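The block underneath contains the structure these notes are about, expressed in structure tokens.
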Amino acid sequence: MKNLFYFFCVSFLKKQLANNIFAFLTLLFLLLPQQSCNTTEPPPFKEELPKAIKLKLLDVSCTEAFIKVSAADTVLPVNITLKKDNTALFSFTLTKTDTVVIDTTLQPNITYSYQTTAQIKGKEENSDTIQVKTLNTTSHNFTWQKFEFGGMGGSSVLYDVAIINENDIWAVGEIYADTTGQAYNAVHWNGTSWELKRIQTYFRGNLITVPLEGIFAFSSTDIWMVGSLPIHGNGNDWTMYDLRTTVDPNLSLSKAWGSSSNDMYFVGRAGSIAHYKNGSWSKIESGTDLPINDIWGITKNDQTIITAIASDKYQVKGKKVLSITSSGVNEISSEGLAWSLACIWFNNNYTTLIGGDGLFVKLYSRLNWNSITTPPYYIFSVRGNKLNDIVVCGGLGFVGHFNGIEWINYLENGLNEMFGNFYKVSMKEDIVCTVGVQADGYAVALIGKR
């Protein structure tokens, strides 16, 4: 019995092994012809070489695109044709590693494609294609509210304004609201009403209420004001910096701009420029004794660009456009500008607006400033959100808005004309506030909501 069982087990195992080997050989037989017939080899690895010409969009408006064209040193000089939507736009010779080209033929809210073609080492090479979508136009539809201040004890005026949000707006100047002869030097909007304020600071041991000319605010608790000297506060408590004692006895400041509360620039009379950086103050030599009437700047890609305008409104000493850095000042061409300059604004390094006796624009790399057709009012201030959303204000109560392709004059569209001037305008998203003085001696503020 034992031998029979042993024989049965061995026979069974041999049979299973034979069956498995047969199955394995059958599968191998079926696979081998397929492998032997597949004689197509995979394509060899081909390294994608970098393009010799590269395109990068720098900025865009409703009607303009600013495009950086770069080339490798090894292909210079090179003849390049820029194509828009596969149609040649223009040709030029690139002799340096990069340049900026400006297409001014665009329409709002449309996507365009750009590519370059160049002859490199006897072969035609195309750059990668970039897509550019222009900005859409913005709405002119603001609802306006007018507010008056003062009327007693002297002529009142507001010189500057800062919007923190729609419920937090500050304006500064001199407001005589009673017969005491003591002026208020600021007003604050809380979203419902304006409150008269006296910003008081200690100056050489005395508590004073200084006439204020400038303001620049980062938040409700981080506000800079200027009244010949810089003042910083949190909305309730204020500190004046006596730079005439610590920096230069001749500094007289009126306007401010900063990238942060630790990096502030102040400008004013007789070419005065002061810089505050991380707790330390310094004077920057401007190279002019002209009054510096306005300052503006931007910070992009860790680069800060600051520009100011200086002008004697009676054209006795001339005008200057100044590029300011922490280490010094360079002069920019003023060719094409009018004799009197009051304000400057930009939100990139490619389009700059200057106002005064007219409104002027300068595009990147262009040498001259060109006049923009606006109503015949003196332009005291220009500010905006982007190149498709800009406001200006000026003489006789003029307020205008640019939506990317056209200007509107609100005096001609239902806004009451006043005999006086709007000296400053601020814009933040859909809120505009402009301030100044009426001929009857009242200070005035105008709030527009879109």
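Residue indices begin at 1 and follow the sequence shown. No hydrogens, no waters, no symmetry mates; every other heavy atom, side chains included, goes into these values. Model, not experiment: these values are computed from the prediction.
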Checking [X] side chain against [Y] main chain: does a donor-acceptor pair fall under 3.5 Å?
X      : Y      : answer
Thr99  : Val69  : no
Asn185 : Pro211 : no
Thr134 : Ile110 : yes
Tyr112 : Gln107 : yes

If I take atom [atom1] from residue [X] and atom [atom2] from residue [Y], how far apart are they, to the nearest 0.5 angstrom?
X      : Y      : atom1 : atom2 : value
Thr352 : Lys362 : OG1   : NZ    : 7.0 Å
Ile309 : Leu337 : CD1   : CG    : 9.5 Å
Ile169 : Trp189 : CD1   : CH2   : 7.5 Å

Note: [X]-[Y] ion pair, threshold 4.0 Å (strictly below):
X      : Y      : answer
Asp312 : Lys319 : no
Glu213 : Arg269 : yes
Lys424 : Asp294 : yes
Lys283 : Glu285 : yes
Asp59  : Lys300 : yes

**Report entry** Side chain proximity check, Leu158 to Val172, heavy atoms < 4.5 angstrom
**Finding:** no

Q. Is any side-chain heavy atom of His401 less than 4.5 Å from a side-chain heavy atom of Thr138?
A. yes

Applied to residues 67-86, the side chain to side chain donor-acceptor pair (under 3.5 Å) test, sequence neighbours excluded, yields Asn79-Thr93, Thr81-Ser91, Lys83-Thr117, Lys84-Asp103, Lys84-Thr105, Asp85-Ser113

Sorted by chain and number, sequence neighbours left out, ring pair (Phe, Tyr, Trp, His ring centres under 6.0 Å) with Tyr442 holds for none

